[in-house]
Amino acid sequence: MFTNAGTSSFTTFLSKAAPEMLPGRRPLPPGMAADLAPHATTIVAISAAGGVVMAGDRRATMGNLIAQRDIEKVHPADAYSLVGIAGTAGIGIELMRLFQVELEHYEKIEGAMLSLDGKANRLASMIRGNLGAAMQGLAVVPLFAGFDLAASDPARAGRIFSFDVTGGPYEETGYDAIGSGSLFAKSALKKRFRAGLSVDDATRLAVEALYDAADDDTATGGPDLTRRIYPVVMTATADGTHRLTDAETAAIAEGVVSGRMENPGG
């Protein structure tokens, strides 16, 4: 089995070699388990001219408590795509890492990169495998975005995919948000988003949307100027994925906070 994988899907291989290692295949005790683990909250994604921007706040909550102030919810899936997680933090991080291995495994076996649609479908299948745990309160709903190398127009190559708890993939137009603060983040994006935004403008808009979400949702963390904890912001363009440095994110976040001190309503 280990010398002849027989499949380009690492998840399928693992389901035969060691199924107990898959998040959705572990037996759970009866009853709801939602309050047993920290939950990750708000992620936003915005398509821009020549790419896509994804940003996430840094707070994880457990009931009415802050479980962690500096969790990282946005990560590169591969060289040209990004994934952000909301829901049960531990399972979400494990699922994200498994997805990274899934894409790398496919490239090694097939000698080629999956299309962006293929990556979204693989992630959908993995979410579907966690349905049993989701029904007991341990749900994970990711947000996936990337630069489509096969796009006919590079200016519109940034694409965003959302998912439901059953694994249904849905392509979004322009922008999307997930997590407890998504209602407020999408309301902010709805008023400010314009097709053809530059990557820099989309980055600023993403941080502003997270600020608005934190303003109305207690589970979403805003920029913490005292501890110098700022959102994780990443881009995916023709040059690959890139994470903004702490200094770059700090400059944007502090600019947003400064502007809101003069005009609290935005």
A.B. asks: Got Arg260 and Glu208 here, is their nearest side-chain heavy-atom distance under 4.5 Å?
C.D. replies: yes
A.B. asks: Short question: side chain of Thr220, backbone of Ala214 - any donor-acceptor pair under 3.5 Å?
C.D. replies: no
A.B. asks: With rounding to the nearest 0.5 angstrom, report the CD to CG distance, Gln100 to Leu98.
C.D. replies: 9.5 Å
A.B. asks: Report yes or no: do Ile229 and Val233 belong to one cluster of Ile/Leu/Val/Met/Phe/Trp/Tyr joined by side chain heavy-atom distances under 4.5 Å?
C.D. replies: no
A.B. asks: With the side chain counted from C-beta on, respond yes when Met234 and His242 share a heavy-atom pair under 4.5 Å apart, and no when they do not.
C.D. replies: no
A.B. asks: Show the numbers, then the answer: is there a side-chain hydrogen bond (donor to acceptor under 3.5 Å, both in side chains) between Asp164 and Thr166?
C.D. replies: CA-CA 5 Å; Asp164 61 33; Thr166 65; 2.6 Å; yes
A.B. asks: One pair to check against side-chain contact (heavy atoms from CB on, under 4.5 Å): Arg58 and Arg227. What are the steps and the verdict?
C.D. replies: CA-CA 12 Å; Arg58 304 291 295 277; Arg227 299 180 178 86; over 6 Å; no
A.B. asks: Measuring only between side-chain heavy atoms, which start at C-beta, is Val232 closer than 4.5 Å to Lys73?
C.D. replies: no
A.B. asks: Once you round to the nearest 0.5 Å, how far does CD1 of Ile85 lie from CD1 of Ile178?
C.D. replies: 8.5 Å
A.B. asks: Taking all non-hydrogen atoms of both residues, which atom of Val53 and which atom of Ala202 are closest, and how far apart?
C.D. replies: CG2-CB, 3.8 Å
A.B. asks: Please tell me whether Tyr170 and Val165 are part of a single hydrophobic cluster in this structure, the criterion being side-chain heavy atoms less than 4.5 Å apart.
C.D. replies: no
A.B. asks: Give a yes or no answer on whether the side chain of Arg59 reaches the backbone of Thr42 with a donor-acceptor pair at less than 3.5 Å.
C.D. replies: no
A.B. asks: Got a sec: does the CZ of Arg128 have more than 12 other heavy atoms crowding it under 6.0 Å?
C.D. replies: yes
A.B. asks: Quick check: closest heavy atoms across Ala157 and Phe147, and the distance to 0.1 Å?
C.D. replies: CB-CE1, 3.3 Å
A.B. asks: Are there over 12 heavy-atom neighbours, none belonging to Asp246, within less than 6.0 Å of that residue's CG?
C.D. replies: no
A.B. asks: Identify the two heavy atoms, one from Val52 and one from Gly158, that lie closest to each other, and give their separation to 0.1 Å.
C.D. replies: CB-CA, 4.1 Å
A.B. asks: Could you check whether Ser180 and Asp217, counting side-chain N and O atoms only, form a donor-acceptor pair closer than 3.5 Å?
C.D. replies: yes
A.B. asks: OG1/Thr203 to CG/Leu244 distance, rounded to the nearest 0.5 angstrom?
C.D. replies: 5.5 Å
A.B. asks: Kindly give the heavy-atom pair with the smallest separation between Thr237 and Val199, and that separation in Å.
C.D. replies: CG2-CG2, 4.4 Å
A.B. asks: If Ile, Leu, Val, Met, Phe, Trp and Tyr residues are connected whenever their side-chain heavy atoms lie under 4.5 Å apart, and connections chain through other members, are Val101 and Val83 in the same group?
C.D. replies: yes
A.B. asks: Could you pull out every donor-acceptor pair under 3.5 Å between side chains of residues 181-189 and any protein atom, sequence neighbours left out?
C.D. replies:
| residue | atom | partner | partner atom | Å |
| --- | --- | --- | --- | --- |
| Ser182 | OG | Gly179 | O | 2.8 |
| Ser187 | OG | Leu183 | O | 2.8 |

A.B. asks: Taking Ser258 for its side chain and Glu254 for its backbone only, find out whether a donor-acceptor pair lies under 3.5 Å.
C.D. replies: no
A.B. asks: Compare all side-chain heavy atoms of Val256 with those of Pro223 and state whether any distance is below 4.5 angstrom.
C.D. replies: no
A.B. asks: Is there a side-chain contact (heavy atoms from CB on, under 4.5 Å) between Tyr80 and Leu116 once you walk through the steps?
C.D. replies: CA-CA 9 Å; Tyr80 293 97; Leu116 199 65; over 6 Å; no
A.B. asks: Going only through I, L, V, M, F, W and Y residues with side-chain contacts under 4.5 Å, is there a path from Val141 to Met62?
C.D. replies: no
A.B. asks: Find out whether Asp78 and Glu107 are in side-chain contact, i.e. whether some heavy atom of one side chain is under 4.5 Å from a heavy atom of the other.
C.D. replies: yes
A.B. asks: Which value, rounded to the nearest 0.5 Å, describes the distance between Arg192 atom CZ and Asp201 atom CG?
C.D. replies: 9.0 Å
A.B. asks: Measuring from Tyr175:OH to Ser47:OG, what's the distance to the nearest 0.5 Å?
C.D. replies: 10.5 Å
A.B. asks: Counting N and O atoms only, with roles assigned by atom type, does the side chain of Asn130 sit under 3.5 Å from a partner on the main chain of Leu138, one being a donor and the other an acceptor?
C.D. replies: yes
A.B. asks: Work out which heavy atom in Ile127 is nearest to a heavy atom in Val140; give both atom names and the distance.
C.D. replies: CG2-O, 4.0 Å
A.B. asks: Leu210, Val257: one ILVMFWY side-chain cluster at the under-4.5 Å cut-off?
C.D. replies: no
A.B. asks: Ignoring hydrogens and geometry, is there a side-chain-to-backbone donor-acceptor pair from Asp57 to Gly221 under 3.5 Å?
C.D. replies: yes
A.B. asks: Restricting to salt bridge (charged side-chain N to carboxylate O under 4.0 Å, His left out), what partner residues turn up for Arg122, sequence neighbours left out?
C.D. replies: Glu102
A.B. asks: If only atom types and distance count, is the side chain of Thr41 paired as donor or acceptor with the main-chain N or O of Ala219 below 3.5 Å?
C.D. replies: yes
A.B. asks: Among Lys119, Arg156, Arg159, find the residue that satisfies the salt bridge (charged side-chain N to carboxylate O under 4.0 Å, His left out) test when tested with Asp148.
C.D. replies: Arg159
A.B. asks: Would you say Tyr230 and Leu225 make side-chain contact, with heavy atoms under 4.5 Å?
C.D. replies: yes
A.B. asks: Is there a donor-acceptor pair closer than 3.5 Å between any side-chain N or O of Asp215 and the backbone N or O of Tyr211?
C.D. replies: no
A.B. asks: Look at the rings of Phe99 and Phe144 and say which category their plane angle falls in: under 30° parallel, 30 to 60° tilted, over 60° perpendicular.
C.D. replies: perpendicular
A.B. asks: Looking only at non-hydrogen atoms, find the nearest pair between Gly56 and Val74 and report the distance.
C.D. replies: N-CG2, 3.6 Å
A.B. asks: What's the separation between atom CG in Leu143 and atom CE in Met54, rounded to the nearest 0.5 Å?
C.D. replies: 4.0 Å
